[in-house]
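A short write-up of the structure that comes next.
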Amino acid sequence: MASAAAGEVAIIGSGLIGQSWAMLFASGGFKVKLYDIGQQQVTNALEKIRKEMKFLEQSGSLKGSLGAEEQLSLISGCLNIQEAVEGAMHIQECVPENLELKKKIFAQLDQIVDDKVVLSSSTSCLLPSKVFAGLAHVKQCIVAHPVNPPYYVPLVELVPHPKTAPATVDRTYALMQKIGQSPVRVMKEIDGFALNRLQYAVISEAWRLVEEGIVSPSDLDLVVSDGLGMRYAFIGPLETMHLNAEGMLSYCDRYSEGMQHVLKTFGPIPDFSGATVEKVNQAMCVKVPNDPEHLAARRQWRDECLLRLAKLKRQMQPQ
Ligand code: NAI
């Protein structure tokens, strides 16, 4: 069976991100043990995964070469951490974003794992030097930070602890590629890694433009969704520079002065409170009322858009 060939993976924490990782690893033919602290959490997670995989199969968007039933048969729930990690070549931690909790989990894993398994955390913003501090198996530890929703957005940031072995990074990189994700190497840990640093830079300037009354909140979002974002789904900001002139050198030659002039006018870090938050909130609630039903419906629509975009990106392989 495909499971035996691909290997075994343990997921610690069966919430939103744990479920996505389970589906991704199963799509690559890996046998997955999904561990959580309560039977109810595990049962809910397995039910949600079943529903999602059936939907994906029906809509022609299931990843991997196996059918939904075959992939589902690779995933099992587990309430014993030792059993969950036994035989695993990769452990993906997905418990809530709390440093003390994550440290406790990795200290527990440190006691029971061998010298071969990779210990990986899904943390969005905790630094590897904090999460993996003092572990005997630190060479095998890495952050593999996915982007929500990971099944449709393939980027995974790989961030090492200063003592992580290069082989751990290489193995995790290859594993991410094998399950169809798009890994990037963040060479050294830094607050926000790469994605959130870029995201916060954009949010910060968006906020200032609205605060200063330069554009309305809904027009600000359009600048990205109907402007920058159209390109950025296919090429990043650096390649955009390269293509928007006769190559990068020509772009810098033509536009560096103008860019620096604009960059010098950027304001201070916003405090995200007061009248501006009222204004932005009001505009967002006109677009999407902030009750659970409307938010859930809009998220579902967003995920459908991302699913179709992912399909388009597969069709539009670079020349
Ligand atoms: P979640 O709250 O949906 O799931 C957490 C799961 O961990 C729950 O099922 C909970 O029962 C379980 N859990 C709690 N204590 C545990 C323990 N001691 N042992 C085992 N399981 C335990 O959280 P979510 O959103 O899945 O986030 C998980 C991690 O992924 C966090 O570090 C988060 O920062 C990161 N992440 C989240 C993203 C998001 O958009 N939700 C995106 C990228 C990363």
Side-chain angles (χ1 to χ4, degrees), residues 9-25 32-52 75-86 88 90-113 119-133 141-159 161 172 176 179 181-184 186 189-200 203 292 295-296 298-300 302-303 306:
V9 172
I11 311 280
I12 311 297
S14 67
L16 188 71
I17 296 300
Q19 291 161 32
S20 295
W21 278 121
M23 290 167 61
L24 288 165
F25 283 115
V32 179
K33 283 197 219 135
L34 194 51
Y35 166 79
D36 210 306
I37 39 175
Q39 184 59 57
Q40 198 54 49
Q41 283 92 320
V42 173
T43 306
N44 284 348
L46 293 174
E47 268 172 24
K48 281 194 190 151
I49 290 172
R50 168 166 289 278
K51 211 168 135 204
E52 184 77 6
I75 306 175
S76 59
C78 191
L79 291 171
N80 178 312
I81 196 162
Q82 186 135 14
E83 247 172 58
V85 304
E86 206 175 301
H90 182 94
I91 300 171
Q92 188 69 37
E93 168 276 313
C94 313
V95 302
E97 191 76 343
N98 173 310
L99 179 61
E100 288 316 310
L101 177 60
K102 286 191 193 280
K103 282 180 75 169
K104 199 179 108 196
I105 295 284
F106 280 105
Q108 206 178 348
L109 292 171
D110 204 32
Q111 301 288 318
I112 54 179
V113 297
L119 299 167
S120 173
S121 172
S122 303
T123 182
S124 307
C125 36
L126 300 171
L127 292 176
S129 59
K130 296 263 170 18
V131 178
F132 307 129
C141 293
I142 191 163
V143 164
H145 171 228
V147 184
N148 196 36
Y151 201 84
Y152 307 126
V153 183
L155 186 81
V156 180
E157 294 183 288
L158 301 182
V159 194
H161 179 283
T172 313
M176 292 300 132
I179 60 172
Q181 296 302 87
S182 191
V184 293
V186 179
E189 66 174 24
I190 183 166
D191 283 313
F193 310 149
L195 182 136
N196 275 328
R197 291 184 80 85
L198 286 173
Q199 176 165 243
Y200 297 162
I203 288 175
L295 289 171
R298 184 74 168 171
R299 279 188 205 110
Q300 196 179 343
R302 174 202 65 187
D303 290 355
L306 290 170

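Just so you know, ligand 1 is whichever comes first in the structure, and atom 1 is the first atom listed for that ligand.
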Please state which protein non-hydrogen atom is closest to [atom] and give its distance, to 0.1 Å?
atom	answer
atom 20 (C) of ligand 1	Tyr35 CE2, 3.5 Å
atom 15 (N) of ligand 1	Ile37 CD1, 3.7 Å
atom 3 (O) of ligand 1	Leu16 N, 3.1 Å
atom 36 (N) of ligand 1	Ser124 OG, 3.3 Å
atom 40 (O) of ligand 1	Asn148 CB, 3.1 Å
atom 13 (N) of ligand 1	Asp36 OD1, 3.7 Å
atom 29 (C) of ligand 1	Val95 O, 3.4 Å
atom 35 (C) of ligand 1	Ser122 O, 3.4 Å

field: Parallel, tilted or perpendicular, as decided by the 30° and 60° cut-offs, for the rings of Phe132 and Phe106
entry: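 Correct class here is perpendicular.
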Going by the atom numbers of ligand 1, which of them fall below 4.0 Å from some non-hydrogen atom of [X]?
X	result
Lys102	31 (C), 32 (O)
Ile105	17 (C), 18 (N), 19 (N)
Leu101	15 (N), 18 (N)
Thr123	32 (O)
Cys94	5 (C), 6 (C), 7 (O), 28 (C)

query: Rounded to the nearest 0.5 Å, how far apart are OG1 of Thr123 and CD1 of Ile17?
result: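 Interatomic distance, Thr123 OG1 to Ile17 CD1, rounded to 0.5 Å: 11.0 Å.
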Give the contacting part of [X] toward ligand 1: side chain, backbone, both or neither, where contact means a heavy-atom distance below 4.0 Å.
X	result
Ile81	neither
Lys104	neither
Val147	neither

Checking [X] side chain against [Y] main chain: does a donor-acceptor pair fall under 3.5 Å?
X	Y	value
Gln181	Pro150	yes
Glu157	Leu195	yes
Glu189	Ser129	yes

Closest non-hydrogen atom pair, [X] against [Y]:
X	Y	result
Ser14	Ala45	O-CB, 3.3 Å
Lys102	Leu126	CD-CD1, 3.8 Å
Gln92	Ser121	NE2-C, 3.6 Å

Glu52 and Tyr151, any side-chain heavy atoms less than 4.5 Å apart: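 No; the side chains remain at least 4.5 Å from each other.
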query: So do the side chains of Gln39 and Leu79 get within less than 4.5 Å of each other, counting heavy atoms only?
result: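 Result yes, sub-4.5 Å side-chain heavy-atom pair found.
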Geometry only, no angles: is [X] polar-contacting ligand 1 at N/O separations under 3.5 Å?
X	answer
Ile17	yes
Pro146	no
Glu93	no
His145	no

message: If the test is side chain to side chain contact (heavy atoms under 4.5 Å, CB included), which one of Leu158, Val159, Leu198 qualifies with Phe193?
response: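 Answer to the side chain to side chain contact (heavy atoms under 4.5 Å, CB included) test with Phe193 among Leu158, Val159, Leu198: Val159.
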message: Looking only at the side chains, is there a donor atom on one of Asn196 and Gln199 sitting less than 3.5 Å from an acceptor on the other?
response: yes
Candidate with minimal heavy-atom separation from atom 7 (O) of ligand 1, of Gly15, Pro96, Ala144: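 Result: the heavy atom closest to atom 7 (O) of ligand 1 is in Pro96.
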message: Could you check whether atom CD of Glu97 has more than 12 heavy atoms from other residues, nucleotides or ligands sitting under 6.0 Å from it?
response: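 Enclosed: over 12 neighbouring heavy atoms sit under 6.0 Å from CD of Glu97.
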message: Just to check, does Gln19 reach to within less than 4.0 Å of ligand 1 when the distance is taken from its heavy atoms?
response: no
message: Does the protein come close to atom 9 (O) of ligand 1 - that is, does one of its heavy atoms sit below 4.0 Å from that atom?
response: yes
- prompt: Could Lys33 and Glu83 be called an ion pair, given the rule that one side-chain N must be under 4.0 Å from one carboxylate O?
  reply: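 Salt bridge: no.
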